[in-house]
Amino acid sequence: MSKSSPRRFGGKSTGTVTVIEAKVHRSSARNAKMAFILTAVIVGLLAAVVAASYWHPIVALIVGALIGVPTGAAAWLLVRVWPVLRLLWWWTPETFLGVGLLTCWVQLANHTPTVVTLLVVALLVGVPAVIRPVRRQVIAWTWCLIVRHRLRVCFAQFIIANQSGSLPLILWSRPTPVGERVWVYLRPGLSAKDLEGRLDKIAVTCHASTVLIERASENNAAYLRFDIKRREVLTATVGSPLVDVIDPAAPVSASPLTVPTALDLPDIDAPTITLPTQGKPATKKPATSANGSKPAASPSSDTDDVSDWI
Amino acid sequence: MTTTVPTSAAAVPVGPGLSMFDPLFIGIDEFGQPVYLDVIYRNILIAGEPGGGKSGLVNNICGHGALSDNTRLVLLDAKLVELGPWRDIADAFIGPDIDEAISVLRRLLIVATNRYTWLLANRRRKLVPGDGMSVIVTIIDELAMFSTVLGTKQQQEEFAALLRGLVSLGRACGMPVVAATQRPSWDIIPASLRDLFGYRAAFRCTSLNSSNIILGQGWAEQGYTASDISPTNQGAAYLLAEGGVPRRIKAAYLTDNDIYSIADYAAWIRRPTTGVPAGSRTDWEIAA
Ligand SMILES: Nc1ncnc2c1ncn2[C@@H]1O[C@H](COP(=O)(O)OP(=O)(O)OP(=O)(O)O)[C@@H](O)[C@H]1O
Ligand SMILES: [Mg+2]
């Protein structure tokens with residue numbers, strides 16, 4: 001992810017391509033210096049102390065310096081290239097995938113005639129493209145790769161983290177029926193609450209419909225799970241299993257209702273429009289008439305209840 | 001009689017052996033997994049805009065209750081048609097009549113108190129399946145009608161107070177409450193009543209605020225808002241139950257035909273058990 005430096009301090013070197021952002025660059029330089037000094041001093045002193053038990057203290061000091069300085073330099077180098085290492089880490093899956101595919105292609109092209117090569121490639125590409133579940137899987141996993149980078153863009157572009165500009169660790173991701181789920185480990189300076197205010201922006205950056213954030217661990221607030229949603233799956237009507245177990249041949253049990261005849265507005269006189277009195281005969285009647293017409297049990301328990309109460 | 005937790009929707013054990021203590025299938029989640037509720041030890045509040053699918057979910061619960069062993073249904077439906085199909089098997093079916101609603105709630109409260117006395121006498125704190133006591137499920141559709149429209153102000157307040165009592169007492173004595181209403185804001189039902197419902201199902205809402213009222217303060221800010229449900233996707237909801245985080249679900253849907261077939265079948269299988277008045281009478285006599 002190389003981009004020309006748009007920042008003010010990058011102005012001097014107009015035209016150069018910076019791989020690492022200026023802010024990260026500066027803090028990395030500072031950190032590297034600190035790492036050099038600390039490592040050199042500590043390792044040097046330790047080495048000198050150990051050496052002092054064999055040689056004269058002055059010789060030991062020189063030996064300590066000789067050991068400390070290269071170790072410090074190694075630490076400096078590690079801290080200095082760390083942003084690049086991180087960048088490589090971000091693109092590890094893609095790199096491996098690319099290398100793997102390219103190797104396969106070269107091997108295939110070298111060992112088979114052109115026609116066979118093209119045929120094999122056509123098969124390898126065509127079959128997943130035609131078979132729907134396979135195609136879906138491929139697309140879903142591709143989105144998983146894309147979404148990790150989009151999330152990183154979110155963190156780098158508009159979620160201000162900390163002074164050194166370190167980004168959260170974006171761990172693995174996997175497809176879900178509605179989109180993707182990505183696990184993220186936050187660095188100091190961020191919390192789930194900070195992210196909740198920016199869910200809509202994250203959704204836009206990830207080309208998704210909505211994003212939800214949940215804690216992935218009860219014990220660690222830094223470990224989060226991003227649920228990225230880009231599809232509505234709950235559109236089909238769900239049947240109820242109750243329907244499958246009933247016997248449709250069961251006798252109809254509906255007790256007869258006394259249906260009111262006043263079904264239009266003019267049928268109802270002005271004073272009698274209160275809803276409860278209208279509803280009362282319609283509901284109370286069936287219970288009693290059911291008792292009269294049917295020996296079925298439940299209506300009778302209804303009467304029990306009423307008499308119990310009265 | 002209890003059955004083991006089924007693994008897939010196709011294998012849900014239902015039929016005469018069903019019990020309210022079994023997990024109750026209500027739909028699927030976004031991962032295609034079946035979603036179960038244990039309504040028995042919880043109360044559930046279902047809300048959302050008109051036509052969201054609330055009565056669909058209520059009917060699922062009602063259907064399960066109807067086919068369950070040793071389960072009584074107390075149905076309050078101001079709209080008559082949503083719970084009306086179950087009126088023959090219900091112990092009480094109350095239409096838009098607040099007097100009857102109040103009287104049945106009073107009776108339920110007495111039963112609850114008596115059951116706790118019984119539990120105390122048995123040195124226990126909670127009803128379990130082996131107790132042989134019936135589960136009394138109170139299902140209220142269009143709760144707002146009872147708390148704001150029907151009857152006098154005083155009756156409405158009494159209704160709300162009694163319901164609050166039942167919701168707070170019913171949990172451990174096998175008397176869960178399922179209530180559905182469109183918008184459970186404080187002017188419709190008292191906040192003190194709303195907050196007692198442990199489980200919430202939020203069907204589509206028009207605003208973040210309405211969704212927050214149903215699910216609880218703060219969920220919309222975290223991205224869990226029922227206002228992002230498409231108006232054409234009826235039956236989709238956020239369910240706040242076990243797990244502590246709202247889950248997107250799609251409620252199972254029973255057509256009118258299904259509902260009436262289940263009701264007919266339930267009336268048929270209930271005939272021998274409820275036909276013996278002795279069993280049912282004693283329960284109520286213990287209570288009264
Ligand atoms: N789970 C579902 N799957 C598919 N369609 C559904 C589902 N639930 C409801 N619907 C559709 O939505 C319509 C309205 O549903 P329902 O009567 O349950 O809404 P409601 O929320 O109870 O409305 P109201 O507030 O007016 O009572 C139904 O007639 C049905 O067509
Ligand atoms: Mg309804």
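FYI, side chains are in, hydrogens and waters are out, and symmetry mates aren't considered; it's all heavy atoms of this structure. Chain letters run A, B, ... following the sequence lines, proteins first and then strands; every chain starts at 1. Predicted model, so just to flag it, every value in this text is computed and none were measured.
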Heavy-atom pairs under 4.5 Å with chain B, option from A/Glu214, A/Lys193, A/Arg231 with the top count: A/Glu214
Rounded distance (nearest 0.5 Å) linking atom CD1 of B/Ile262 with atom CG of A/Asp247: 12.5 Å
Between A/Ala250 and B/Tyr265, the two heavy atoms sitting closest are CB-CA, 3.7 Å
Heavy-atom proximity to chain A below 4.5 Å, by part of B/Asn60: both
From B/Lys250 NZ over to A/Glu232 CD, what is the distance, rounded to the nearest 0.5 angstrom? 8.0 Å
Which bit of B/Ile249 is near chain A, if near means a heavy-atom gap under 4.5 Å: side chain, backbone, both or neither? backbone
Let me know if B/Asp228 has heavy atoms under 4.5 Å from chain A in its side chain, its backbone, both or neither. side chain
Spacing of B/Ile259 atom CD1 and A/Leu242 atom CG [to the nearest 0.5 Å]: 10.5 Å
To the nearest 0.5 Å, tell me how far B/Leu254 CG sits from A/Ser240 OG. 4.5 Å
Might you confirm whether atom CZ of A/Arg136 has over 12 heavy atoms from other residues, nucleotides or ligands at distances under 6.0 Å? no
OH on B/Tyr224 to CG on A/Leu212, rounded to 0.5 Å: 4.5 Å
Pick one of side chain, backbone, both or neither for A/Ala236, based on which atoms fall under 4.5 Å of a heavy atom in chain B. backbone
The interface call for A/Ile213 against chain B, heavy-atom contacts under 4.5 Å, is backbone
Residue B/Glu221 versus chain A: region with a heavy atom under 4.5 Å: backbone
Show your reasoning for whether side-chain contact (heavy atoms from CB on, under 4.5 Å) applies to B/Arg87 and A/Leu257. CA-CA 11 Å; B/Arg87 67 184 183 276; A/Leu257 285 167; 3.6 Å; yes
Which atom of B/Asn233 lies closest to which atom of A/Leu234, heavy atoms considered: OD1-O, 3.0 Å
Which atoms of B/Ala266 come close to chain A, meaning under 4.5 Å heavy atom to heavy atom: side chain ones, backbone ones, both, or neither? neither
What distance do A/Ile246 atom CD1 and B/Asp264 atom CG have between them, rounded to the nearest 0.5 Å? 8.0 Å
Region of A/Arg181 that comes under 4.5 Å of a non-hydrogen atom in chain B: side chain
Show your reasoning for whether side-chain contact (heavy atoms from CB on, under 4.5 Å) applies to B/Leu18 and A/Val245. CA-CA 11 Å; B/Leu18 208 62; A/Val245 285; over 6 Å; no
